[in-house]
Amino acid sequence: MRASDGESTGADLGALLSAASAGDESAWESLVRLYARRIFALARSRCGSDDAAEEITQSVFVTVATKVREGVYTEQGKFEAWLFRVAMNRVRDAIRKNRRRKELHDRGAEAERTAAPNERETSDDLAALRGAILRLSEPDREIIELRHHAGMGFKEMAELLGEPIGTLLARHHRALRKLRDLLATTVDRDLEGTGGR
Amino acid sequence: MNKNDHNQTPEPSHDAISAEIRAIESGLDEIGCALRSNPDAGFESRIALNALRESEGSPSLRITGRPDVYVSPGRGRLAARLAAALLIAGAGIGLAWTWLSGTRPAITDDTSGIQMASATDAEIAEIADAWDVLDDSELAGWVDDVSSRVTMVSDSSSGAWISSWLDEDSM
């Protein structure tokens, strides 16, 4: 089940946005509750640090709060795509800044390995999968993370990236096959390492 | 057995590939679920409050509000000792400067200046030993993290966040 499944319908979301823009704090909190963890997951997955992910999540909601209150954003059934567009921009800004200091990509990878406690409890298979994601190309990784970590549907991803759904489905499938190949390579290398041919 | 057999990995069937890909999808969903459950229970309230405050121009509470950002007692003590050592060293240099500039102060008639210098050397050596034990990469990471956060806060307040890779006003 996708994280986006079972969320507010368009009408509910529209009502929440109107209430939030009118200063209703509980509506604002509901809005944050609906999306904050998904944005955090996307940012955490890309930046590898809880702190950076929380900073990014917060800055996304600062933008949302500002634009919704100022009436810059008008809901036309594409709120999720817009929200994740803002999130993607923040993530890219953060990655760009991190790259300027050169070592942060490695830190991201390191943070992936030394993840939070509930992540450390995952099996070896998941650890291998996590390692394989880091070896994907940027576009492949992006689509995997939007779909599985941010929990986006293909329709919203199509709106966000401005690509037809069919193209995204094909890109997603290709990325999955690359992951499969990367995992197979890892298993082969492990077998060679232990002499178990 | 054909001599080439061991060099060729048999092609998996279409069904086997589909099953593997489904397993990968399920693993990815599991990782996503773990990532989404990472933040603590107060995460949403913190984000909601801070985002509202910041959008209204009030200072954000995000750095002090996060429970895992703190200076460990060991590091705190080390910093305090380093500050003390620098203070003592500064006093020593001041004394030496006064001596060299020809206005010899009265206190140099006794040995307190020498004792102070010795104590400073010992203190610095002790701190240098402790400093060597520190994990450089961790410290560098910490410094980097702080500077990154300062940059983000500064960029946020100056409006640079709005510099976009994708147009944020188009939806």
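The shown structure was predicted, so the numbers you read here are calculated from the model rather than taken from an experiment. By convention in this document, chain letters (A, B, ...) are assigned in the order of the sequence lines, proteins followed by strands, and residues within each chain are numbered from 1.
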> Taking the side chain as C-beta and beyond, is there a heavy-atom pair between R37(A) and P39(B) under 4.5 Å?
Replying inline: yes
>> Just verifying a value: how many Å separate L129(A) CG and L28(B) CG, rounded to the nearest 0.5 Å?
In response: 4.5 Å
> Could you give the distance from CD (E54(B)) to OG1 (T63(A)), rounded to the nearest 0.5 Å?
Replying inline: 9.0 Å
> Are the side chains of I133(A) and I31(B) in touch, meaning some heavy atoms are under 4.5 Å apart?
Replying inline: yes
> Side chains of H173(A) and I21(B): closer than 4.5 Å at any heavy-atom pair?
Replying inline: yes
>> With a 4.5 Å cut-off on side-chain heavy-atom distances among I, L, V, M, F, W and Y, is there a chain of contacts connecting M157(A) to L169(A)?
In response: yes
> Is chain B contacted by the side chain of I144(A), its backbone, both, or neither, given a heavy-atom distance below 4.5 Å?
Replying inline: side chain
> Between G27(B), A48(B), A23(B), S45(B), which has the largest tally of heavy atom pairs under 4.5 Å with chain A?
Replying inline: A48(B)
> Any side-chain heavy atom of F43(B) sitting closer than 4.5 Å to one from T57(A)?
Replying inline: yes
> Are I165(A) and L161(A) connected, step by step, through hydrophobic side chains (Ile, Leu, Val, Met, Phe, Trp, Tyr) whose heavy atoms are closer than 4.5 Å?
Replying inline: yes
> Does E25(B) reach the side chain of H148(A), with side-chain heavy atoms less than 4.5 Å apart?
Replying inline: yes
> What distance do L35(B) atom CG and R130(A) atom CZ have between them, rounded to the nearest 0.5 Å?
Replying inline: 6.5 Å
> Which atoms form the tightest heavy-atom contact between E44(B) and V32(A), and what is the distance?
Replying inline: O-CG1, 3.6 Å
> From F61(A) CZ over to R46(B) CZ, what is the distance, rounded to the nearest 0.5 angstrom?
Replying inline: 13.5 Å
> What heavy-atom pair brings A65(A) and A51(B) nearest, and what distance separates the two atoms?
Replying inline: CB-O, 4.4 Å
>> Which one wins on heavy-atom pair count under 4.5 Å against chain B: D125(A), V86(A), T66(A)?
In response: V86(A)
>> Rounded at 0.5 Å granularity, tell me how far CD in Q58(A) sits from CG in L49(B).
In response: 9.0 Å
> Under a 4.5 Å heavy-atom cut-off, does chain B meet the side chain of E25(A), its backbone, both or neither?
Replying inline: side chain
> Is the side chain of R36(B) donor-acceptor paired with the backbone N or O of H149(A) at a distance under 3.5 Å, no angle test?
Replying inline: yes
>> At a heavy-atom distance under 4.5 Å, which candidate from G77(A), A53(A), A41(A), A132(A) has the highest pair count against chain B?
In response: A41(A)
>> For the interface with chain B, which of L179(A), V60(A), L42(A) has the highest count of heavy-atom pairs at distances below 4.5 Å?
In response: L179(A)
